[in-house]
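Here is the structure we will look at.
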Amino acid sequence: MKESEVRAALEAELAELAELQAVSAEARRPVELDQTTQGRLSRMDAMQAQAMALETERRRGIRRSRIEAALKRLEEGEFGACVVCGEDIEEKRLAVDLTTPSCVDCAR
């Protein structure tokens, strides 16, 4: 894969994550605990949905960090090289996940 294609794919994924973050902002808001407007089960459902939305956002943050690190490696000319041993990361491994920072041997 060409450097420009890798950059475009990583930047597109970053944009998608930003869009998902904006769309899911409402689901992460604190749950109102007013018993006069909601029943106990409705509040429990809302709290569970909020917890799931917060965890999803945490995972998006991790993914965002991995993408930013991959973009930095790309800018520094180190993309595709294992950050542990310096050997080339297999193309098949990068095809699965462009943010992979290490070769198979070092990942073990």
Side-chain angles (χ1 to χ4, degrees):
M1 200 175 214
K2 294 180 184 177
E3 182 179 325
S4 60
E5 293 172 335
V6 170
R7 182 180 304 283
L10 291 171
E11 288 175 348
E13 189 174 352
L14 259 183
E16 182 181 348
L17 288 173
E19 184 178 321
L20 288 170
Q21 180 181 18
V23 169
S24 67
E26 179 69 27
R28 295 187 313 272
R29 289 188 47 211
V31 176
E32 187 176 315
L33 298 177
D34 184 5
Q35 292 180 355
T36 61
T37 59
Q38 279 185 326
R40 183 174 57 89
L41 293 176
S42 294
R43 286 192 312 278
M44 288 173 53
D45 285 344
M47 289 170 65
Q48 182 180 20
Q50 178 200 30
M52 290 182 346
L54 289 170
E55 176 59 19
T56 299
E57 184 57 30
R58 184 188 72 79
R59 290 177 188 221
R60 280 189 198 123
I62 292 169
R63 184 66 183 166
R64 194 175 310 110
S65 295
R66 286 178 58 104
I67 293 169
E68 290 168 353
L71 285 169
K72 184 177 179 184
R73 288 192 305 274
L74 194 63
E75 288 174 15
E76 295 172 351
E78 297 174 3
F79 182 82
C82 177
V83 297
V84 178
C85 69
E87 294 295 320
D88 287 344
I89 299 172
E90 298 81 7
E91 295 234 1
K92 288 182 181 180
R93 185 165 170 80
L94 285 173
V96 172
D97 183 2
L98 290 173
T99 67
T100 300
S102 59
C103 65
V104 172
D105 291 334
C106 292
R108 290 186 188 144

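None of these values were measured; they are calculated from a predicted model.
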> Between Leu94 and Gly80, what is the shortest heavy-atom contact and its length?
Replying inline: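 Here Leu94 and Gly80 meet closest at CD1-CA, 3.9 Å.
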> If you take all heavy atoms of Ala107 and Ser102, which pair is closest and at what distance?
Replying inline: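 Minimum heavy-atom separation between Ala107 and Ser102: CB-OG, 3.7 Å.
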>> To the nearest 0.5 Å, what is the distance between OG1 on Thr99 and CZ on Phe79?
In response: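 If I round to the nearest 0.5 Å, the distance is 8.5 Å.
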> Distance from Arg73 atom CZ to Ile89 atom CD1, nearest 0.5 Å?
Replying inline: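 Spacing of CZ (Arg73) from CD1 (Ile89) equals 6.5 Å.
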> Glu3: what forms a side chain to side chain contact (heavy atoms under 4.5 Å, CB included) with it, not counting sequence neighbours?
Replying inline: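 Arg7, Leu74.
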>> Do the side chains of Glu57 and Arg64 get close enough for a salt bridge, i.e. N-O under 4.0 angstrom?
In response: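 Yes, this pair counts.
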>> Between Glu55 and Arg59, does any side-chain N to carboxylate O distance fall below 4.0 Å?
In response: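 Salt bridge present between Glu55 and Arg59.
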> For Val6 and Leu10, what are the C-alpha separation, side-chain angles and deciding distance, and is it a side-chain contact (heavy atoms from CB on, under 4.5 Å)?
Replying inline: CA-CA 6 Å; Val6 170; Leu10 291 171; 3.8 Å; yes
> How does the hydrophobic cluster around Ile62 look, that is, which other residues are in it when side-chain heavy atoms under 4.5 Å mark a link?
Replying inline: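 Once heavy-atom contacts under 4.5 Å are chained together, Ile62 still belongs with nothing else.
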> Using a side-chain heavy atom cutoff under 4.5 Å and only I, L, V, M, F, W and Y, what cluster partners does Val84 have?
Replying inline: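 Traced through the cluster, Val84 reaches Val83.
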In chain order, what residues pass the salt bridge (Lys or Arg N to Asp or Glu O under 4.0 Å) check against [X], with sequence neighbours excluded?
X	result
Glu75	none
Glu19	none
Arg66	Asp97

>> Just checking Glu76: does its CD atom have more than 12 heavy atoms from other residues, nucleotides or ligands closer to it than 6.0 angstrom?
In response: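 Yes, CD of Glu76 has more than 12 neighbouring heavy atoms, counting only those of other groups under 6.0 Å.
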> Quick one: are Thr56 and Leu20 in side-chain contact, heavy atoms under 4.5 Å?
Replying inline: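 No, side chains not in contact.
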